[in-house]
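Chain identifiers are assigned alphabetically (A, B, ...) following the order of the sequence lines, protein sequences preceding nucleic acid strands; residue numbering begins at 1 within each chain.
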Number of protein chains: 2
Amino acid sequence: MTSDGTVGKALEVLDQVAAYGRPVRFSELLAASPFPKPTLYRFLQTLTNQRMLAYDPDRQTYSPGVRLVRLAHAAWEQSTLAPIARPHIDALSAAVGETVHLAQLDHAQVLYIDKRNANKPVQMFSQAGKVGPAYCTGVGKVMLAFCDPAVIAAVIEQQSFHRFTAATLTTPAALRTELSAIRANGYGFDREEHEPGIICIAMPILSDGGRVLGALSVTSTTSRTNLAGLESYVPILQDTASKIARDAQSWSFPDHDAKEPTGR
Amino acid sequence: MTSDGTVGKALEVLDQVAAYGRPVRFSELLAASPFPKPTLYRFLQTLTNQRMLAYDPDRQTYSPGVRLVRLAHAAWEQSTLAPIARPHIDALSAAVGETVHLAQLDHAQVLYIDKRNANKPVQMFSQAGKVGPAYCTGVGKVMLAFCDPAVIAAVIEQQSFHRFTAATLTTPAALRTELSAIRANGYGFDREEHEPGIICIAMPILSDGGRVLGALSVTSTTSRTNLAGLESYVPILQDTASKIARDAQSWSFPDHDAKEPTGR
DNA sequence: CACCTTGGTTTCATTATATGAAACTAGGTT
DNA sequence: AACCTAGTTTCATATAATGAAACCAAGGTG
C-alpha cells in the first residue's frame, strides 16, 4: 500500500522535493532518499520532462513545477468545497470583519482551501494549499471530532503532538477529551494552541448524513477579543456552515456544461 | 519524447481527467484514451490511491484530487514570479484601480499566476492556475514577442488560431507582424481579440539578459476606456515590471531559511 | 423470466521497463 | 599531477507493466 508501482515512487519523489521549502540539489535529495542514485536521478529527469518539477541548470536545483499550478486549478474547482462556499464565505467575512478560513481534511492533515483577510487584499495560494496540523488547530479538531471512530484513531496515530505553545494538547488522551467536548458543543476553539496570541472559533460543515465535508473558522487575537467574544459568532457560523452543506448536497455536479475536454 | 515511461503515461491520464471541467466516468475516459481498458483502469486506481485523483463511488466519477492543491502551493511559492511580484502588483492594482494580471508562459500557453480585482475581494485559484491562449491575449503576445526566434516558431506551431472575435489574429503571418510591432514598442494590447468589449495593455517582464520572465497586464472594457486611455499606464507598468525583474534577479533563493523538509 | 447489452473489474502469460551495481566524466582541491 | 566530490551513463538482471480475454453485475428488453 505504501507505494503502488513506479508512479507511486515517482510521486514520492515529487512530494520530497515539495517538502523542502526551497530549490534543492540532487545530492541533498539522494541523502534523504530511499532510492539508489540512478533511480532517483531518472525520476527527477522524468518529472522535469513532464514539468512536474522545474530544474535550474545554473544552480543545479529542482523545485516543484508549474504544471502543478495548472492541475491544481482544476482540482480546486472540482474537488473542493471552495467554489460552492465562496459566496457564503464572502458574506461571512464581510459580516464579522475578521480573518476567515475554509479547510478540508486531507490524509491526516488540515488543508486550507480558501481564506478571507478582512483588511488587506487576499493573497492567493499564499494560504490556499497550505497544510497544518489537525490536533492543534480549530478547524482540525472540529473536523476530526465528527469523523468515524476508526478514522479518528487512525488520524490520532499520525499526529506529531509537537508542543507549539503552553496550551497545545500534547497527548492523544487530552485530544480525545477535547473532541468529546466539541461533539457535545457542536463547535470548537483554538485556545492559543498553535500560536501564542492567536485564537479562533471553528465550525464543522456537515452533510445531512453527518459526514464531515470541511470546516470554517474565524480567527482573531487575544489583544482584540477573547473566547467569549468569538462565541458570539456561533449563530452566523452555524448559518454559513449549513448553507454551504446544503449547496454542496444539491450541487452534485448536474452535468454542469457537459463540455468536451479543452483542446491541448 | 512524447511519453517517458510509465509515469509519463500516468500523468497523461491525469491531464486528461483535469481537461474535462467536471467529474468524468471511466467509460468516457476510455473512449478518448489511447490506452486499453485494463491499463487505463489501473492508472486511475493508482492515481486515486495517491490522491492525485478523487473518486466518487456513488456517481463512479473521477476528478482531480486534493493532493494537487497542496503540491501546487509549493510550486506557486517557489517556481513562479508571484511571491516576488506580490507587493508590486498590489501597488499597481491600488494605483490603477483596474483588474491586473500576472502571467507566465508554460509550454505554449499562457498561465495566469496571480490577479487583482480592484473592486471585489480576490477569488483565489479562480484565476491563478487558469490557462489561456498565447496568440490572442495581451500577456501571451507580449511574452512571445521577446522569446527566442526558435521558441516563437515552435509556439506558433502549436496555436489553434481559433477565431474568438472579429479582431482575433487568425494566421501565423498576422501574429508575426503583431509581434514585430510589440518588439518595436516594448508593450502590446489586446484589442478585443479574445472577448468582445474587453481590452488590455500588457507589459513584458524581462531579465537583464533580455530573457522573458513573465508579463503583467491591466484590463478594462471598451465602455470604460479605450486603447489610448490604457496607454497612459505605460510608465507605471514599465516601472512595476522592472522592479519585479530586479527583485527576481537578486532573489536567487539565497538559502531562504535552509530548513529541513517538513515532517509528514 | 430468460436473454442480451453495457460498464466496470480481474486473471495471467508475455513483454517491456525499471532497476541499481559499477564504471565513467567533469569540476574543484590539495 | 593526483585526488576528491557531485553528477551522469552503461548494461545485465529482475521486476513490473501490459492487454487479450474472461468475468461479473446491473439494467434493460423481448
Side-chain angles (χ1 to χ4, degrees), chain A residues 1-17 20 22-65 252-256 258 260-261, chain B residues 1-17 19-20 22-65 252-255 258 260-261:
Chain A
M1 214 281 116
T2 170
S3 102
D4 27 16
T6 311
V7 309
K9 294 177 203 168
L11 293 174
E12 209 180 301
V13 172
L14 184 58
D15 258 357
Q16 200 200 336
V17 174
Y20 291 76
R22 57 184 169 82
V24 61
R25 288 184 90 108
F26 176 73
S27 55
E28 292 186 81
L29 291 167
L30 181 60
S33 177
F35 304 111
K37 212 199 267 195
T39 302
L40 178 64
Y41 179 69
R42 258 176 290 112
F43 277 142
L44 291 171
Q45 289 231 121
T46 304
L47 291 169
T48 304
N49 264 337
Q50 297 287 330
R51 291 165 196 281
M52 288 284 139
L53 290 178
Y55 180 66
D56 178 346
D58 297 332
R59 321 196 126 244
Q60 297 191 135
T61 54
Y62 297 89
S63 33
S252 291
F253 308 99
D255 270 47
H256 214 245
E260 283 301 295
Chain B
M1 214 283 117
T2 170
S3 103
D4 27 16
T6 313
V7 308
K9 294 177 203 168
L11 293 174
E12 208 179 304
V13 172
L14 184 59
D15 258 356
Q16 202 201 334
V17 174
Y20 292 77
R22 56 180 171 87
V24 61
R25 290 184 90 107
F26 176 75
S27 55
E28 293 187 80
L29 291 167
L30 181 61
S33 176
F35 304 111
K37 212 200 267 197
T39 303
L40 178 65
Y41 179 69
R42 259 177 288 113
F43 277 142
L44 291 171
Q45 289 229 122
T46 304
L47 290 169
T48 304
N49 265 337
Q50 297 288 328
R51 292 164 196 282
M52 288 283 138
L53 290 178
Y55 180 65
D56 178 345
D58 297 333
R59 322 197 126 244
Q60 296 190 132
T61 54
Y62 297 88
S63 34
S252 291
F253 307 98
D255 270 47
E260 284 300 295

**Study point:** Sub-4.5 Å side-chain heavy-atom contact between B:Tyr20 and B:Leu29
**Key:** yes

Given [options], identify the nucleotide with an atom nearest to the side chain of [X].
| X | options | result |
| --- | --- | --- |
| B:Tyr41 | C:dT10, D:dG19, D:dA17 | C:dT10 |
| A:Phe43 | C:dT19, C:dA21, D:dA6 | C:dT19 |
| A:Tyr55 | C:dT11, D:dT8, C:dG7 | D:dT8 |

Can you measure [X] atom [atom1] to [N] atom [atom2] for me and round it to whole angstrom units?
| X | N | atom1 | atom2 | result |
| --- | --- | --- | --- | --- |
| A:Arg25 | D:dG7 | CZ | C1' | 10 Å |
| B:Leu30 | D:dG19 | CG | C1' | 12 Å |
| B:Phe26 | D:dA25 | CZ | P | 17 Å |
| A:Gln45 | C:dA18 | CD | P | 13 Å |
| B:Gln60 | C:dT9 | CD | P | 6 Å |
| A:Leu44 | C:dT19 | CG | P | 13 Å |
| A:Leu40 | D:dT9 | CG | C1' | 15 Å |
| A:Asp4 | D:dA16 | CG | P | 12 Å |

Review point. Using the ring of each side chain (for Trp, its six-membered ring), is A:Phe43 parallel, tilted or perpendicular to A:Phe35, with breaks at 30° and 60°?
Key: perpendicular

Review point. Would you call the rings of B:Phe26 and B:Tyr41 parallel, tilted or perpendicular if under 30° counts as parallel and over 60° as perpendicular?
Key: perpendicular

Point to revise | Interatomic spacing from CG in B:Leu40 to CD in B:Glu12 - rounded to 0.5 Å | key: 10.5 Å

For [X], which contact category applies under a 4.0 Å heavy-atom criterion: base, sugar-phosphate, or nothing?
| X | result |
| --- | --- |
| B:Thr39 | base |
| A:Arg42 | base |
| B:Pro36 | sugar-phosphate |

Check your understanding: Is the shortest side-chain N/O distance from A:Thr6 to OP1 or OP2 of C:dT17 below 4.0 Å?
Key -> no

Check your understanding: Does C:dG8 have OP1 or OP2 sitting under 4.0 Å from an N or O in the side chain of B:Ser27?
Key -> yes

Check your understanding: Is any N or O donor-acceptor pair between the side chain of B:Lys37 and the base of C:dG8 shorter than 3.5 Å?
Key -> yes

Study note, to complete from the structure: Shortest non-hydrogen pair, A:Ala10 vs B:Val7, comes out as CB-CG1, 3.5 Å

Exercise for review: With P as the reference atom in both, quote the distance from D:dG27 to D:dC23 in angstrom, rounded to an integer.
Suggested key: 23 Å

